[in-house]
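Have a look at the structure below before the remarks.
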Amino acid sequence: MKKQTQIVASGRKKQYTHGVVNPVVQRASTVVFETMDELQAAAKERHNRTLFYGRRGTTTHFALQDAVAELEGGAGCALFPCGAAAIAQTLLCFLKAGDHLLMVDSVYEPTRDLCEKILTRYGIETTYYDPLIGAEIEKEFKDNTRMIFLESPGSITMEVQDVPAIVSAASKRNILTVLDNTYGNGLHFRPLEFGIDISVQAATKYIVGHSDVMMGVAVANEKYWPTLREHAYLLGQCTSADDAYLALRGLRTMSVRLDQHERSALKVANWLKAHPLVDHVRHPTFETCPGHEYFKRDFDGSNGLFSFVLTQSTPEALKVLVESLHHFKMGFSWGGYESLITVNANMPALRSKTGWSKGTVIRLHIGLEDSDDLINDLEQGLVKFEEVLQRS
């Protein structure tokens, strides 16, 4: 079954749909039982999609978990109230005091903050590594290295990692590998097929796709699923049935949305590539993007997210640029139907290992608007940007 068909068909068992097209929204905290035998049977089978208690999930949650696990090719899927929670709780499920974590240097800023502000308090050591390190990562191993965390591509600077090489090095030492797959979304990249142990996504982004639900998912292989499932439950992680329903609804159209995001983003990126104020574009499909060869080898497609670096800038000019745009809104997210822009002028603060001296990074998410309208919007914004530069 092709992935486009799979995301339409998965998670739609009869016990979830009750004779209609979509799984029903089943809201519950308490589940009641008629007999002691029924209660004891439910407790015994609570791991196997059996109604037991609301925090364990209802049929709505089970449908989403089945669908995402099938999409990512895992043994099971845990649901979390946001992507940051999925990352934080996955790390806390498997790390303990005295462990060493290898964290990619291009990581999403809240994940870096988690390592530096929370994990340190629990006696967990973090070392950052170059996203392009590949098999050389073994030089960073310590006797207590327990986990390698990857994010590919990086969500701001878009470096693509050599996942098979890192997995190969990790497997020799039985080191757990976790990858933030929000960009790859399970349709364009499936980390578990490359040997990654746990794939995490901010389902807020492309799975939901409409900027109206916060949700995270973590899909584990057979080896690590029982621990992830139980520890996430013990840590109190759960989501609402209504949010699970909206995530299921978003999942059904993810492939067609991604096709449009990809086409429009490539058109805008190529236009920016030729612009005299743009130093370079960081889009994984471009040969100039770090790790492009791994993207070409491992991914089935791109999406609406990419960045570009300006040849020069000032705070005043950047302010005029972003505030003059009509279709691009300022916002700290991506993956929805709307186009977004963020300015990353303080990149050195987000690097511990590799540094950054290439200038201001502008990150765009290309939504579902007409691409020509988006290009025209950027063009008028860059004209005003240049006018400010010339006056300064």
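Computed from a predicted structure; not experimentally measured.
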Check this for me: does any side-chain nitrogen of one of E159 and R282 sit under 4.0 Å from a carboxylate oxygen of the other? yes
Taking L325's backbone N and O only, do any of them form a donor-acceptor pair with D377's side chain (distance below 3.5 Å, no angle check)? no
Using 30° and 60° as the class limits, which term best fits the ring planes of W334 and Y206: parallel, tilted or perpendicular? perpendicular
Salt-bridge present (E230, R56; N to O < 4.0 Å): yes
Calculate, to the nearest 0.5 Å, the distance between atoms CZ and OG1 belonging to R55 and T239 respectively. 12.5 Å
One pair to check against side chain to side chain donor-acceptor pair (under 3.5 Å): D66 and Y16. What are the steps and the verdict? CA-CA 11 Å; D66 282 0; Y16 303 154; 2.8 Å; yes
CD/E34: more than 12 non-hydrogen atoms of other groups inside 6.0 Å: no
Any carboxylate oxygen within less than 4.0 angstrom of a Lys/Arg side-chain nitrogen, looking at E316 and R391? no
Could you tell me whether the side chains of S339 and H327 share a donor-acceptor contact shorter than 3.5 Å? no
If the threshold is 4.0 Å, N to carboxylate O, is there a salt bridge linking D300 and K3? no
Answer yes when K358 and D279 have at least one side-chain N-carboxylate O distance shorter than 4.0 Å, and no when they do not. no
Note: E136-K139 ion pair, threshold 4.0 Å (strictly below): yes
Do T35 and D37 have side-chain N/O donor and acceptor atoms under 3.5 Å apart? no
Is it the case that atom OH in Y53 sees more than 12 heavy atoms from other parts of the structure closer than 6.0 Å? no
Look at atom CD of E109 and say whether more than 12 heavy atoms of other residues, nucleotides or ligands are closer to it than 6.0 Å. no
Separation of S307 OG from H365 NE2 (nearest 0.5 Å): 12.0 Å
Can you tell whether the side chains of E379 and K384 come within less than 4.0 Å, N to carboxylate O? no
Salt bridge present between D197 and K223 (N-O < 4.0 angstrom): no
